[in-house]
There are 2 protein chains.
Amino acid sequence: MSEDLCGVNVVHSDRVIRASTALVSNEIARRLAETFKVLGDPTRIKIISALYEGELCVCDISAVVSLSQSAVSHQLGALRRERLVRRRRDGQKIFYSLDDEHIKRLLSECLDHVAEEESLVESGTAAG
Amino acid sequence: MSEDLCGVNVVHSDRVIRASTALVSNEIARRLAETFKVLGDPTRIKIISALYEGELCVCDISAVVSLSQSAVSHQLGALRRERLVRRRRDGQKIFYSLDDEHIKRLLSECLDHVAEEESLVESGTAAG
DNA sequence: CTAGTATATGAATATATGTTCATATATTCA
DNA sequence: TGAATATATGAACATATATTCATATACTAG
């Protein structure tokens, strides 16, 4: 069956069948994308990296990343919605921390990827 | 020194010092965010997952993810700019594949994270 | 209760993003 | 060479996003 699914000639080889099996569902794709999207902002990356060594209150985070309390609070809300950070109250302050180990691994995996790019750019053929 | 850096009272405890050390540079934050951002879209996630089992030409990808050739090409361009996929020409066709193992690990790490959310939502206290 | 501190949030605005459409480029075949 | 196929890309448009500002909420101290 070489039907048109999308306005382009469809090849429908074994490859396509296999790929369709590996393809994640719309729902999973949406969830993965939401998680990655929340990581896709320099400010939030800085917040997360600031939390690497332990919890911080919002006011401290503001200072560390040099951003207004409001901006930080909005971003923390976004991170929390994706369960990347959790919070606990201590009196007037609210302390934020990384929610689980996946976040650290995501960051370090991504760092490795970026570092590889780096070495490609600089030396041409490192990191085989 | 309890100075104002951001309009909020700065605490400047040990925590802040430590956090500032862990804090990634603007440059690194920007690069990490760019990589995550390109992963932060359902269409691109689907493309990547489709490439899990091996290379595909653009036309096949279009079919698998049910999107126009143009849209797919734009997205492949974005993925390529962040070195998440590479391409090779074979006659008229151009075959795309995942660039390195980091991408797979990023996806699977994120899947684990999402799955954890899932179990929280559904059973309440699983996956300790 | 009131004043003060810490955090959250809605509205507004400027900017970024994803898809479509039209078209350009590159390759193959006759 | 010219027609056909595969892919890439610029412009445009609708939508999403990050920050700011003003203000609301939650807690503490008195």
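Each chain gets a letter, A, B and so on, in the order its sequence line appears, and its residues count up from 1. Model, not experiment: these values are computed from the prediction.
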Between [X] ([atom1]) and [N] ([atom2]), how many Å, whole number?
X     : N      : atom1 : atom2 : value
B:L79 : C:dT17 : CG    : C1'   : 14 Å
B:R30 : C:dA16 : CZ    : C1'   : 15 Å
A:R86 : C:dT7  : CZ    : C1'   : 19 Å
A:F95 : D:dA26 : CZ    : C1'   : 16 Å
A:L67 : D:dC21 : CG    : P     : 12 Å
B:L76 : D:dA8  : CG    : P     : 7 Å
A:R88 : D:dC27 : CZ    : C1'   : 15 Å
B:I94 : C:dA24 : CD1   : P     : 19 Å

Query raised in the report: Is there a donor-acceptor pair under 3.5 Å between the side chain of B:R86 and the backbone N or O of B:D99?
Result: yes
Query - Backbone of B:K46 reached by a side-chain donor or acceptor of B:S49 within 3.5 Å - result: yes
Requested in this report: Using salt bridge (Lys or Arg N to Asp or Glu O under 4.0 Å) as the criterion, point out the one residue from A:K37, A:R30, A:R31 that pairs with A:E34.
Outcome: A:R30
So, does the side chain of [X] form a donor-acceptor pair with the base of [N] at under 3.5 Å?
X     : N      : value
B:S70 : D:dT9  : yes
A:Q69 : C:dA6  : no
A:Q75 : D:dA18 : no

Report summary line: Of the candidates C:dT5, C:dT20, D:dT7, the side chain of B:C57 sits closest to D:dT7
Report summary line: Considering only heavy side-chain atoms of B:S73, the closest of D:dA8, C:dT7, D:dA18 is D:dA8
**Report entry** Carboxylate-amine/guanidinium proximity below 4.0 Å for B:R88 and B:E55
**Finding:** yes
Query raised in the report: Is B:R18 salt-bridged to A:E53, cutoff N-O under 4.0 Å?
Result: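 Result for this pair is no, no salt bridge flagged.
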Query - Base of C:dT9 and ring of A:H74 stacked, centres under 5.5 Å, planes under 30° - result: yes
Determine: side-chain N/O of [X] to OP1/OP2 of [N], distance under 4.0 Å, yes or no.
X     : N      : value
A:Y96 : C:dA6  : no
B:K37 : C:dT17 : yes
B:R87 : D:dT7  : no
B:R89 : D:dA6  : no
A:S68 : D:dT20 : yes

Report task. Would you mind pulling out the nucleotide paired to C:dT28, Watson-Crick or G-U wobble, both distances under 3.5 Å? Result -> D:dA3
Query raised in the report: B:R44 near the nucleic acid: base, sugar-phosphate alone, or nothing, with a heavy-atom cut-off under 4.0 Å?
Result: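 Sugar-phosphate contact only - B:R44 comes under 4.0 Å of backbone atoms but never of a base.
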**Report entry** Transitive ILVMFWY side-chain link A:F95 to B:V16, under 4.5 Å
**Finding:**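 No, A:F95 does not connect to B:V16 through the hydrophobic network.
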Requested in this report: Nearest-nucleotide wise, let me know which of B:G77 and B:Q92 is further upstream toward the 5' end of DNA chain D.
Outcome: B:Q92
